[in-house]
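What you see is a predicted model; the values in this text were computed from it and never measured. Letters go in sequence order (proteins before strands), and every chain restarts at 1.
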Number of protein chains: 2
Amino acid sequence: MPNSVDRPSLSRSIEDYLKVIYKLELESGSAQTSAIADALAIAPPSVSGMVKRLADAELVTHVPYRGVELTEAGRRQALRMLRRHRILESYLIGHLGYDWDDVDREAERLEHAVSDDLVERMAVKLGNPTHDPHGAPIPSAAGTIDPTRYLPMTEIEVGHAGRFRMIGDADPERLRFIASLGLRPGAEFRVLDRQPFNGPVTIELDGDRKEVIGFALASSLQCEQLEEPTLP
Amino acid sequence: MPNSVDRPSLSRSIEDYLKVIYKLELESGSAQTSAIADALAIAPPSVSGMVKRLADAELVTHVPYRGVELTEAGRRQALRMLRRHRILESYLIGHLGYDWDDVDREAERLEHAVSDDLVERMAVKLGNPTHDPHGAPIPSAAGTIDPTRYLPMTEIEVGHAGRFRMIGDADPERLRFIASLGLRPGAEFRVLDRQPFNGPVTIELDGDRKEVIGFALASSLQCEQLEEPTLP
DNA sequence: AACTAAATTTATGCCAGCCTAAATTAGCCC
DNA sequence: GGGCTAATTTAGGCTGGCATAAATTTAGTT
Ligand SMILES: [Mn+2]
Ligand SMILES: [Mn+2]
Ligand SMILES: [Mn+2]
Ligand SMILES: [Mn+2]
């Protein structure tokens, strides 16, 4: 029996579009033209054009003026790209001495050039990790992904302990700063204070060190709330 | 001081053209349109068009109807691509379990996606190899390359010992067959017989095993002649 | 219900990179 | 030197992926 479905292999552009659409659907429920344009640094009319092609290829359904939604095939490809990207980042850090702030650029290009075979070899060398260095879940080769959602650090209640789980990987400076605080995915902390009006969050780390984190930054730290508050 | 020269980074197509032109110049002294077209599996008029763009970019000089020659900038880029390709092949075999017959396809895509930084990290992990798994010399990061030329096995004289040094990497089947004979770059042999009229070559391996190798195949094995013949 | 601002699409155009068909040139033979 | 052949270039066309400017739709305001 020959290959049942001949997929013509997607272009680099299409692969990046699918990833972005997946992330937008995940974060805000829908993927609108301007959001895609922003994320890819492309003009909105160009996105309209590509959306047409994606819809023709049945990777996406499009309701004009409303937005775009991944089809099952589109979602499968998006998850395949996320697996590639996250395995690559993990491998670059684990075996080639990269830091967590400089892997994204490299992976963003490599994800379009590696074969499935190479990705799986890297995954095996890494011991089939479930999360990448920034805490993001790595889809399985079969196309499933851990659906766990976390809370921004700003929503962990005062007095509670929390665990830092995940952070976006696109901003190297932010990653370096977070690392300089001693915060890595998995790190435990306790919220000592939250200032109102989008004010900073004060946390305690390693049982003694205090750090004050601005609202915008704290909002980008995806965390898990751990336990009931300790009583005074 | 800002970056002195802004190179716009070459396209995948251009990078492959430069590599092919370099190889053709090396093998036959010149690079003609049809030879480039053959090597890249592209129609000759397409090559004419690209040659024009390469000449505009001063990567190549073009004498119409005569052929094309790399400029210094073109040669530098070609060697940079060869370094990438050959370091990648070495790394895939050395650290990711690939065999020498299946690395070329992978490297052919990856060479356009890796950063210089990543290539150098791989080179360091490998101990800065000077030759790739097929015996081809790896250009230095500075752009120099071992100019040693070898002889086809068909030109090693009967009675002489020889050392197999290098083989083209594009044909997986040929590579598997050569490996099955126990021939790897570095392997020593003695020529027992050469048949005339482009006939086969008989060699002795490991001091006892005899193998008969057809002319076309033997011609593709680049070797070094080692010593004066042993006297009868 | 009409007006307005923002988002989106349509209309056009450009460039890279490929193609086929037709024209041109080079090299060779007599 | 004329004519043949093979190689090469020119002409014209197509697709993917981007852009800007203009038209359209949506949604919110009054
Ligand atoms: Mn990333
Ligand atoms: Mn990418
Ligand atoms: Mn190769
Ligand atoms: Mn290539």
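- Atom CG in B:L18 sits about 11 Å away from atom P in C:dG17, given to the nearest Å.
- Using a 4.0 Å cut-off on heavy atoms, the residues of residues 29-48 of chain B that approach DNA chain D are B:Q32, B:T33, B:S34, B:P44, B:P45, B:S48, listed by number.
- Separating the NZ atom of A:K52 from the C1' atom of D:dG16 is a distance of 15 Å, rounded to the nearest angstrom.
- Inspection of the A:D132 and A:H85 side chains reveals no N or O donor paired with an N or O acceptor under 3.5 Å.
- The shortest distance between the side-chain N/O atoms of A:S13 and the OP1/OP2 oxygens of D:dC18 is below 4.0 Å.
- A 4.5 Å side-chain heavy-atom check between B:P200 and B:F215 finds every atom pair outside the cut-off.
- What you find for A:A123 and A:P129 is that their closest heavy atoms are O-CD, 3.8 Å.
- The CG atom of B:L54 sits 11 Å away from the P atom of C:dC18 (whole-angstrom rounding).
- The separation between B:D56 atom CG and C:dG17 atom C1' is 15 Å, rounded to whole Å.
- Near DNA chain D, defined here as any heavy-atom distance below 4.0 Å, the residues from residues 59-67 of chain A are A:Y65, A:R66, listed numerically.
- A salt bridge links A:R83 to A:E120: one of the charged nitrogens lies within less than 4.0 Å of a carboxylate oxygen.
- Heavy-atom contacts from other residues, nucleotides or ligands closer than 6.0 Å to CZ of B:R105 number 12 or fewer.
- Side chains of B:S115 and B:D117: a donor-acceptor N/O pair is absent below 3.5 angstrom, by distance only.
- In this entry the distance linking CZ of B:R53 with P of D:dT9 reads 14 Å, nearest Å.
- The shortest side-chain heavy-atom distance between A:R86 and A:P137 falls under the 4.5 Å cut-off.
- Heavy atoms of other residues, nucleotides or ligands lying less than 6.0 angstrom from CZ of A:R12 number more than 12.
- Comparing D:dC18, C:dC18, C:dG17 by their closest approach to the side chain of B:Y17 singles out C:dC18.
- A salt bridge links A:K19 with A:E111: the distance from a Lys NZ or Arg NE/NH1/NH2 to an Asp or Glu carboxylate oxygen falls below 4.0 Å.
- B:M50 has its CE atom 14 Å from the C1' atom of C:dC19, to the nearest Å.
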